[in-house]
There are 2 protein chains.
Amino acid sequence: MPTMKDVARHAGVSTATVSHVLNGTRTVQPETSERVRIAIANLQYETNGTARNLRVRTTSTFALVVPDLSNPFFPEVAVVIQQEAARAGYDVVIYSIDVPHGESADLFEHYLRAIRRKRYDAVIYAETLLVTPTAHQQLIDSGTPIILIGGTPHPQADRVYIDNYAAVRDVMAYLVGKGHRTIAHITGAAGMASSSARQQGYRDGLLAAGIVPNPEFEVAGSFLYEGGYLGMQRLLERTPRPSAVFAANDETALGAMCACVDAHVSVPDEVAIVGFDDIALAANVRPALTTVYHGQREIGREAIRLAVSAHTQRTPEGGEEQKQTVIVPHRLIVRDSG
Amino acid sequence: MPTMKDVARHAGVSTATVSHVLNGTRTVQPETSERVRIAIANLQYETNGTARNLRVRTTSTFALVVPDLSNPFFPEVAVVIQQEAARAGYDVVIYSIDVPHGESADLFEHYLRAIRRKRYDAVIYAETLLVTPTAHQQLIDSGTPIILIGGTPHPQADRVYIDNYAAVRDVMAYLVGKGHRTIAHITGAAGMASSSARQQGYRDGLLAAGIVPNPEFEVAGSFLYEGGYLGMQRLLERTPRPSAVFAANDETALGAMCACVDAHVSVPDEVAIVGFDDIALAANVRPALTTVYHGQREIGREAIRLAVSAHTQRTPEGGEEQKQTVIVPHRLIVRDSG
DNA sequence: CTGAAAGCGCTAACAT
DNA sequence: ATGTTAGCGCTTTCAG
C-alpha cells in the first residue's frame, strides 16, 4: 500500500501539497495538481482512513444499534439510514444484538466497548431491552452524541419516534368503526416502551368506545412470530371469541394469522387482524395485512439529520446543545386482513 | 476523552507500562498493574482504536457486502457472521447496496472507496451484480483478502458457497418422485451465477426424468417478490398449467403463492410450489413452504473462518497463500406447499 | 520489571 | 503557491 509520501515523491511535491489537492483545502497550481493526480492514479493510492481519522479526530462514521435484524422493520430503517448517511458523507456500521438467547448480554457488552473504542461520531440506538440508561450514560460521558429511535426519552440524547399511542388509537377507532366490540390484543415484548404505549392505546381505544377492557382479551406476545402464534391460539379458546385482534407488530400479526389458518378460522371473516409497522411483507401475504406505517423512511432520514447535526454542532468543551425530539407521522394502511 | 498519557500520569508510570497492562504483553508487577487499572477505571479510559489501528496496521474489522438487506436471507447470514466475528475478536461492518434503482451504482462506487480507505482486514462479498471482477481486482491489488459468498470463483479469493446445481437436482427429483411431470421454473435475477446454476439444475432435473424442458414453463424472475408474483401469473395462463413450480428463491416463491391465492388456485392441490433458501419466513406462511436450506449458519461460520485465516496467514510481502474454497451442505426441507 | 523515544500516515499551522 | 514540521494516541524496540 503506497502512502502519501510515495505519492509526493512521485509527483515531486511535498505531502502537504498532496493532502491539499486531495482535500481541495487550498489553491494549488493546476499543473502541480495534475502531476499529483497522475501519481495517485499510477500508484493506486487511497487515503489511509485510520491515519486521517486520528489526525482530524473524527471518523465520519455512525454506529447503528438494532435489537433484531430478523424483524424486517430494522433492515428497512437500516437501509434508509445507510443511504442518507452516504449522502451526507458518513458511513454507518450496524450492530445487531439478536443472538441465541443468553449470549445477548455478553455480545452487547462487547459491542458497547467496541463502540466506545471506535470513536464513532454518533450512535443511533433503536429501542432494545439491553440498552439501559447506564449504557447510554457511558457513551454520553465519553462525549458521543446519541440518537434514540423510539424507546424512552433521555435528557442528553436526541430522539426520533412515532406516536405509538395515537397510532393505536387510530386502529382502535377504525376497528370500532367497522362494528367490532370484542377486540383482543397480543402485546409486544414486556418491558419495552413501545409495547406499553401500544397497549395503553388499545385499552383507551376500547374505553373511548364505551367498551370495558376484558383482561382475558389481552395476551402476552414478544414482537416475534411465535408470540403471535401462541397468543392467537389462546385467544381462539376464549368464549366469546374476539372478532378482531390488534397485534403489537406485523410479525406478531403474521403469527396470529398462521394460527388462524391452522385452526381453520377465517381471516378476516371470523376474526380481523391488524398489525403494526407496515413491513414490506405486510402487503405480500394473503390476506394482505391491515397495519400502520411506522415511518421507516422518515425515521431513517431524521435520525441521520439529527446525528449529523449533533456531530457538527458539537461544542469543543462542555457547552450543552439543546436536544431535539422529532415525531414522525404514522398512517393507517387498510388492506384485507381487518 | 482521556488518553493513555493521562492514565500513565495518574498511575505514576509510563505509557509503555499502561499499554502493556492493557494488552498483557509483558509481565508487570501486580501492584503497578493494579494502580494502572484503578486509574483506568477512575478516568473511564477506553483505548483509542483509531490510534491503535494506525500503529498496529490492522483494524480487527471485516467488511461484509450484501446486495439486499430486504431479502431476509442476507440478514440471516449477516447475523451469524457478526456473532462468529465477535467470537474471534473482530467487528464487521455491513454494506448493503440495495437502493431505489439507479442510485445503486453510485452508492456502490462510494462504498468501494470507503472500503479501500478503511483498511479492513478482509472483505466478505455476497454475489451481487455490481461486484465485478474489476471491483475485486482493485481490492486485491490493495492487498485486502477477499472471501466470496456464492457467485463465481476468482483465482485470488477464497470462496464459500452451496452447490446450487446439486440442490436443485434434489428438488427436481423430489417433485418428479411425487408424480409431477409439468414442472415450471421462475428464475432468479438475470446475470447471476446462482440463477443460472439453479436454472441448469431445473433443466437437467427434467431431462433426467425423461421430460423435455418446455420453454413456456421457464419464466424470468428477479429473486424478488414481484418477480415471483408476475411470473406465476404468466404461468397460470399456460395450457396445460404446470402442476408444480420451482421458484429460484423463497421470496419468489412467496410472490408465486400470493399470485395463486389471488387467482383462486390452490397450493399445493392445484399447483405445488417449492422455494430456495429456507429463510425463517418459509415456515411462517401458510401453506408452509417446501424449500432447500441454504446453509446460512455454515456460510457465516466458514466465511469468518476463512477471513480470519486469510488475515492472520497473510505473508508480509507477496507470498501467495493457497486460496480455499468450501462448499456448505444443503438440505431439502419438505413442508406443505409442494 | 520499567521507561524513553521512534514512528504508524496523515493534516494544519506556520513558514517562506 | 508550496514546503517544513509538529503532533493525533498508540505500540514496541531498545536500554537500562
Side-chain angles (χ1 to χ4, degrees), chain A residues 1-37 39-40 43-61 113-114 116-121 142-143 316-317, chain B residues 1-37 39-40 43-61 113-114 116-121 142-143 316-317:
Chain A
M1 268 324 243
T3 74
M4 187 174 274
K5 215 152 138 191
D6 298 322
V7 175
R9 190 155 26 76
H10 275 246
V13 298
S14 71
T15 60
T17 299
V18 176
S19 173
H20 284 121
V21 331
L22 238 27
N23 302 306
T25 183
R26 85 179 173 193
T27 46
V28 17
Q29 202 107 52
E31 188 230 284
T32 318
S33 158
E34 190 52 25
R35 282 212 317 282
V36 170
R37 284 184 202 298
I40 288 175
L43 297 177
Q44 300 221 56
Y45 170 77
E46 186 65 70
T47 304
N48 181 324
T50 303
R52 174 170 214 284
N53 292 347
L54 175 60
R55 180 59 229 238
V56 302
R57 317 169 77 88
T58 229
T59 56
S60 298
T61 306
R113 300 202 52 188
R116 302 217 308 138
R117 263 202 297 273
K118 298 251 174 153
R119 303 294 198 268
Y120 293 112
D121 289 344
S142 72
E317 282 304 323
Chain B
M1 268 324 243
T3 73
M4 188 174 273
K5 215 153 137 189
D6 299 322
V7 174
R9 190 156 25 77
H10 275 247
V13 298
S14 70
T15 60
T17 299
V18 176
S19 173
H20 284 121
V21 331
L22 237 27
N23 301 306
T25 183
R26 83 177 174 195
T27 45
V28 17
Q29 202 108 50
E31 188 231 285
T32 316
S33 156
E34 191 51 25
R35 282 212 317 282
V36 171
R37 284 184 201 298
I40 288 175
L43 297 176
Q44 299 222 56
Y45 169 77
E46 186 65 70
T47 304
N48 181 324
T50 303
R52 173 171 218 283
N53 291 347
L54 175 59
R55 179 60 228 238
V56 303
R57 317 169 77 89
T58 229
T59 56
S60 299
T61 305
R113 299 202 53 190
R116 302 217 307 139
R117 264 203 296 275
K118 299 251 175 153
R119 304 293 199 267
Y120 294 112
D121 289 345
S142 72
E317 283 303 325

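Everything quoted here is computed from the prediction, not taken from an experiment. Chain identifiers are assigned alphabetically (A, B, ...) following the order of the sequence lines, protein sequences preceding nucleic acid strands; residue numbering begins at 1 within each chain.
Rounded to whole Å, atom C1' of D:dT4 lies 15 Å from atom CE of A:M4. When rounded to the nearest whole Å, the span between NZ of A:K118 and P of D:dG9 equals 19 Å. When the P atom of D:dG3 is taken as reference, atom CZ of A:R9 falls 15 Å away, rounded to whole Å. Counting to the nearest Å, the P atom of D:dC10 and the CZ atom of A:R52 are 20 Å from each other. Here D:dT12 presents its P atom at 12 Å from CG of B:L22, a figure rounded to the nearest Å. We find that CE of B:M1 is positioned 9 Å from P of D:dC10, with the value rounded to whole Å. Between the CD atom of A:E46 and the P atom of C:dC10 there is a distance of 10 Å, given to the nearest Å. C:dC1 atom P lies 13 Å from atom NE2 of B:H20, rounded to whole Å.
Between the side chain of B:N53 and the backbone N or O of B:T50 there is no donor-acceptor pair closer than 3.5 Å. Between the A:T58 side chain and the A:S60 main chain, no donor and acceptor come within less than 3.5 Å of each other. With hydrogens and angles disregarded, a donor-acceptor distance shorter than 3.5 Å links the side chain of A:R119 to the backbone of A:R116. In this structure, A:R35 contributes its side chain and A:A11 its backbone to a donor-acceptor pair below 3.5 Å.
At least one side-chain nitrogen or oxygen of A:R57 sits closer than 4.0 Å to the OP1 or OP2 atom of D:dG9. In terms of phosphate contacts, B:T3 brings no side-chain nitrogen or oxygen within less than 4.0 Å of OP1 or OP2 of D:dG9. Put simply, A:N48 has no side-chain N or O that comes within less than 4.0 Å of OP1 or OP2 on C:dC8. Between B:T32 and C:dT2 there is a side-chain N or O to OP1 or OP2 distance below 4.0 Å.
Within the 4.0 angstrom heavy-atom criterion, no nucleotide atom of any strand lies near A:N53.
Heavy-atom distances to DNA chain C give each of B:P30 and B:V56 a nearest nucleotide, and the one nearer the 5′ end belongs to B:P30. Residues B:T17 and B:T50 both approach DNA chain D. Their nearest nucleotides, taken by heavy-atom distance, put B:T50 toward the 5′ side. Of the two residues contacting DNA chain D, namely B:G49 and B:R26, the nearest-nucleotide position lying further toward the 5' end is that of B:G49. If you find the closest nucleotide of DNA chain C to B:G12 and to A:V18, the one lying nearer the 5' end belongs to B:G12.
Across C:dT11, C:dC1, C:dG3, the shortest atom-to-atom separation from the side chain of B:V13 is found for C:dG3. Taking only side-chain atoms of A:S19, from C-beta outward, the nucleotide of D:dG9, C:dT11, D:dT12 with the closest atom is C:dT11. Checked against D:dC8, D:dT2, C:dT11, the side chain of A:L54 finds its nearest nucleotide in D:dC8.
Using modelled atom types and a 3.5 Å distance limit, the side chains of B:T61 and A:K118 yield a donor-acceptor pair.
On a pure distance criterion of 3.5 Å, no polar donor-acceptor pair joins the side chain of B:R55 and the base of D:dT12.
Of all heavy-atom pairs between B:V21 and B:S33, the closest is CG1-CA, 4.3 Å.
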